Amino acid sequence: MSELNNIALKILQKGKGILAADESTGTMTKRLDSVNVQSTPENRLLFREILFSASCMTECIGGVILYDETIKQQTSKKNLIPELILNMGSAPGIKVDTGAKILAGSPEEKITEGLDGLRERLKEYYRIGAKFTKWRGVYNISKSYPSKLSIHSNAHALARYSALVQECNMVPIVEPEVLMDGDHSAKDCFSKTSEVIKKCFEELILHKVDLKGIILKPNMILAGNKCKDKISKEEVAKLTLECLKNSVPSEVPGIAFLSGGQSELEATENLNLINKINDTSFIMSFSYGRALQQSALKFWSKDTKNIEGTQKIFNHRAKMNTLAAQGKWSKDLEN
Ligand code: 13P
């Protein structure tokens, strides 16, 4: 088994998933503003260090995606953040794209940037302990979008990124996120997501990426948040599984979903249902940002000294998702 395949499997073993704590400073500022906490480097670190030293890190969180600022910060005990994460039994990872910018030729869409100088940045992240990386391509659905141009150019960037990451002995998380914003139906989400993922794999194969050494991070198949025809959770699970079965090559070891604006409960419930009917060889787990942190952040913001209470909430959410990643979650466990 290749070394990269081993890393990917270890991150997602036994129901473990990924904590996406890689919000850029801009996004983290929005999150902190929403709970009336000032967004300073110290406060961003304070909250994140509480999460990274919680007990669920050992049992439930196989990897943490960090942002450039965090991976270089020191903990209150003067360890580097990657050391803390490794000591807890989890793997440090790093977001390496530099954000989604307006796509020339289709200004209502986005292209993710960050390829320039990437090889050198990767070497530095590897040196300070990163085992895996993340790059997010983003697509919106409307009558004419995502365009062929956006599907093609983002897939190309994801593939060039992945090839460089594997060259540097890290596992690339490939994240093509089809947004849930809009009034599109679940059927539209299914067809657009399928098209997006298929194109990604076409490019990954062209760029000679070892598919056994990646983790795919897709969206679930959901109706748009402004769509009147919502579908049942069972239908979400069925369509999501069908989409992935049809578009992901079987060599891929694991799929870790993003939460994408679902509530904490929804994201857990949907993951659980997907695993109940998962008849593929893919591990199906989570790589949640908001759906792992929301309640913990809200609690912490009211009493930033209450480390134990904040960790208790985060531990619970992580545990629920670890059960869901094995199809063993049920609603009564929430209380
Ligand atoms: P959400 O789970 O909040 O969508 O974040 C996941 C992520 O990493 C987005 O890039």
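Both counts, for ligands and for their atoms, begin at 1 and track the order of listing. This is a predicted model, so every value here is computed, not measured.
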Under 4.0 Å from one or more heavy atoms of Tyr288, ligand 1 contributes atoms 2 (O)
### Task
Let me see the working for Thr193 and Asn219 under side-chain hydrogen bond (donor to acceptor under 3.5 Å, both in side chains), right down to the final yes or no.
CA-CA 8 Å; Thr193 303; Asn219 50 284; 3.2 Å; yes
At under 4.0 Å between heavy atoms, what of Arg290 touches ligand 1? The answer is both
Ser24 and Thr27, any side-chain heavy atoms less than 4.5 Å apart:
yes
- request: For Lys217 and ligand 1, answer yes if some heavy atom of the residue is under 4.0 Å from a ligand atom, otherwise no.
  value: yes
For this session: Before signing off on this row, confirm whether Glu175 and ligand 1 have an N or O atom pair separated by under 3.5 Å.
Result: yes
### Message
Closer than 4.0 angstrom, basic N to acidic O: yes or no for Lys101 and Glu113?
### Response
yes
Of all heavy-atom pairs linking Lys131 and Ile7, the shortest is O-CG2, 4.1 Å
Would Gly260 count as a contact residue for ligand 1, given that I'm defining contact as a non-hydrogen atom of the residue lying under 4.0 Å from a ligand atom? yes
One finds that the ligand 1 atoms under 4.0 Å from a non-hydrogen atom of Ser259 are 1 (P), 2 (O), 3 (O), 4 (O)
Within the 4.0 Å heavy-atom cut-off, what Ala20 brings close to ligand 1 is side chain
| Heteroatom distance test (Arg31, ligand 1): nitrogen or oxygen, under 3.5 angstrom | no
query = Where does the angle between the aromatic ring planes of His207 and His156 fall among parallel (under 30°), tilted (30 to 60°) and perpendicular (over 60°)?
reply = perpendicular
Should Lys134 be listed as contacting ligand 1, given a heavy-atom distance under 4.0 Å as the test? yes
Would you say Glu177 and ligand 1 have an N/O pair spaced under 3.5 Å apart? no
TODO: Without swapping roles, check the side chain of Lys328 against the backbone of Met320 for a donor-acceptor pair under 3.5 Å.
DONE: no
Self-check item: Gly289 N/O to ligand 1 N/O under 3.5 Å
Solution: yes
Checklist line | side-chain hydrogen bond (donor to acceptor under 3.5 Å, both in side chains) between Thr70 and Arg48, worked out | finding: CA-CA 8 Å; Thr70 324; Arg48 285 167 167 160; 3.2 Å; yes
